[in-house]
Student: 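Sharing a structure here in structure tokens format.
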Amino acid sequence: MLAKDTALYARVARTIDDFMCLDFTGVGLIGPIRAALARRQPGFIAMGAAEIIAATLTTKGGPALIATGFPEGGGVPETDGPVGAALIARALFLGFGVESVIVIDEDWAEMMAATCRGAGLAPLPFPADGVITPVPFLRPVYIRTVPKDAEGCRAVADDLLEHTHPQLLIAIERPGANANGLYHGLGGRPLDGMVGDLDYLFRTGKAIGLPFIGIGDGGNELGMGVIAQDLPAFSPKAADCGIPGRGGVAAATAAGHLVVANISNLGATGLVAALSALLENPVVFHEPELEVRAIEQCVAFGGVDGMFMAPEPAVDGLSAKEWEGLVRTLKLTVARTLGDSVNWKGDRGDWRQVK
């Protein structure tokens, strides 16, 4: 385990946070969002989440529960979220031997299963009794679907908490209800009837003491309630979506620890990078080709890019080819920051590091 009270720990944690908060999309929100989070939640973003995950899963085991799925036009899911959820599930299994249950709406199950296969996981049927047991010689993941209606969705949530007994809750790019209990896109578009009420699951889980990590990029995602009071100062629709009586798009439910990034999938990759560094296990951090494959699988089975609003292999306007470069750059930068450098004689080590 990487020692926390060292300059190296701080250097790699800061590098990951800085990278995932660069404004690759050019939207302009991530700067003020990160500043707001720093006031509400001091400390490292991705490494802070990695520390919570490691402390939880090494002492209590699993399973982990990961919620995702954000609808675009016609209720079609975007690529941002499912890809990150699958890669986090992969990292939790390789880093801790813990299985994940990915929670998503019923009509997006095929897309989620295909995305998991792209990320190197084997989706298995969710057990009838809700109990997750290890499967030898396989890297499994489970998908639990929820209906769109509030009552049905909450029944599934209660069942998960009672029978599956998750030890960790993660939400990535999942719509978060506002103070009126309504869901919106960042631009104010109502999402009525398009998503199940998973705020209930996370509020209930948090209330009984489960660690809750939220990952978002705009302020309307589940968990972003940490900075809900700050958002109206710089996010145009945070307080008022533009439709009388609905309120704003700002999510009300607050995560126990919030991860923000320019794109939520980049927040997932940053979290995976932090876990890999913390555990000193490079296998936890996937190869960039795997993330590209997950994006392509997501699109092939129903996902759309959240900028083009079409089944193009991209995430929030960044093509899969560009994503491959970003993941490769982050992976190699973290390795170099940790001391994996080659000197003039061909020796590998930390010879360039400031001690």
Side-chain angles (χ1 to χ4, degrees), residues 16 19-20 45-47 49-50 53-54 57 62-70 77-104 108 111-123 139-143 168-174 213-217 259 261-279 281-301 303 306 313-316 318 320 322-332 334:
I16 294 169
F19 188 88
M20 67 187 194
I45 303 172
M47 194 63 81
I53 291 171
L57 299 185
L65 191 153
I66 307 172
T68 192
F70 204 112
E78 66 167 317
T79 52
D80 194 21
V83 173
L87 291 166
I88 291 171
R90 176 190 181 275
L92 299 185
F93 187 81
L94 293 177
F96 305 98
V98 164
E99 296 84 1
S100 293
V101 176
I102 297 180
V103 183
I104 197 163
W108 302 337
M111 175 276 298
M112 193 66 244
T115 304
C116 287
R117 292 188 183 97
L121 298 172
R139 195 180 296 165
V141 66
Y142 298 86
I143 298 168
L168 172 70
L169 305 177
I170 301 174
I172 172 169
E173 192 65 15
R174 177 73 192 183
I213 293 168
I215 304 175
D217 58 24
V259 173
N262 180 229
I263 301 168
S264 292
N265 278 355
L266 192 58
T269 304
L271 174 56
V272 169
L275 285 167
S276 176
L278 181 64
L279 298 174
N281 183 355
V283 174
V284 169
F285 197 161
H286 55 277
E287 294 298 326
E289 292 84 359
L290 202 65
E291 187 150 350
V292 170
R293 192 175 77 164
I295 294 170
E296 292 172 343
Q297 283 285 95
C298 183
V299 168
F301 285 82
V315 181
D316 276 7
L318 278 66
E322 186 173 359
W323 269 101
E324 182 177 359
L326 290 176
V327 176
R328 192 180 309 281
T329 298
L330 179 58
K331 186 177 176 70
L332 294 176
V334 168

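These figures come from a predicted structure and were not determined experimentally.
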Student: Where is the tightest heavy-atom contact between Gly267 and Met20, given as atom of each residue plus distance?
Tutor: CA-SD, 4.1 Å

Student: If you define the side chain from C-beta out and look only at heavy atoms, does anything of Leu330 sit under 4.5 Å from Leu326?
Tutor: no

Student: Test your reading of the model: is there a side-chain donor-acceptor pair from Asp217 to the backbone of Ala261, 3.5 Å cut-off?
Tutor: no

Student: Where the side chain of Arg293 meets the backbone of Gly118, is there a donor-acceptor pair that is under 3.5 Å apart?
Tutor: yes

Student: So, do Trp323 and Thr79 sit near enough that their side-chain heavy atoms are less than 4.5 Å apart?
Tutor: no

Student: Would you give the length of the straight line joining atom CE of Met47 to atom CG of Leu275, rounded to the nearest 0.5 angstrom?
Tutor: 8.5 Å

Student: Return the OG to CG distance between Ser100 and Leu121, rounded to the nearest 0.5 Å.
Tutor: 8.0 Å

Student: Taking Thr68 for the side chain and Ile172 for the main chain, is one N or O donor matched with an acceptor at less than 3.5 Å?
Tutor: yes

Student: To the nearest 0.5 Å, how far apart are CD1 in Ile45 and CD1 in Ile16?
Tutor: 11.0 Å

Student: To the nearest 0.5 Å, what is the distance between CD1 on Ile104 and OG1 on Thr115?
Tutor: 7.5 Å

Student: Mind listing the closest non-hydrogen atom pair of Glu296 and Pro313 along with its distance?
Tutor: CG-CB, 4.2 Å

Student: Got a second to check how far Ile88's CD1 is from Ile53's CD1, nearest 0.5 Å?
Tutor: 7.0 Å

Student: Knowing that exactly one of Ile102, Leu87, Val83 qualifies, which makes a side chain to side chain contact (heavy atoms under 4.5 Å, CB included) with Cys116?
Tutor: Ile102

Student: Which heavy-atom pair separates Ile215 from Leu271 by the least distance, and what is that distance?
Tutor: CD1-CD2, 4.2 Å

Student: If every non-hydrogen atom of Phe285 is compared with every non-hydrogen atom of Val272, which pair is closest and at what distance?
Tutor: CA-CG1, 3.7 Å

Student: Is the backbone N or O of Asp316 less than 3.5 Å from a side-chain atom of Asp80, with the two atoms forming a donor-acceptor pair by type?
Tutor: no

Student: Has the side chain of Arg90 got a donor or acceptor atom that lies under 3.5 Å from a matching backbone atom of Val284?
Tutor: yes

Student: Walk me through it: do Glu291 and Glu324 pass the test side chain to side chain contact (heavy atoms under 4.5 Å, CB included)?
Tutor: CA-CA 7 Å; Glu291 187 150 350; Glu324 182 177 359; over 6 Å; no

Student: Grab the two heavy atoms, one from Arg174 and one from Trp108, that are nearest each other, plus how far apart they are.
Tutor: NH1-CZ3, 4.0 Å

Student: For Val334 and Ala273, work out which heavy atoms get closest and say how close.
Tutor: CG2-CB, 4.3 Å

Student: Can you find a pair of side-chain heavy atoms, one from Lys331 and one from His286, that are under 4.5 Å apart?
Tutor: no

Student: Walk me through it: do Phe93 and Val141 pass the test side chain to side chain contact (heavy atoms under 4.5 Å, CB included)?
Tutor: CA-CA 9 Å; Phe93 187 81; Val141 66; over 6 Å; no

Student: Nearest 0.5 angstrom please: Phe19 CZ to Leu266 CG, how far?
Tutor: 6.0 Å

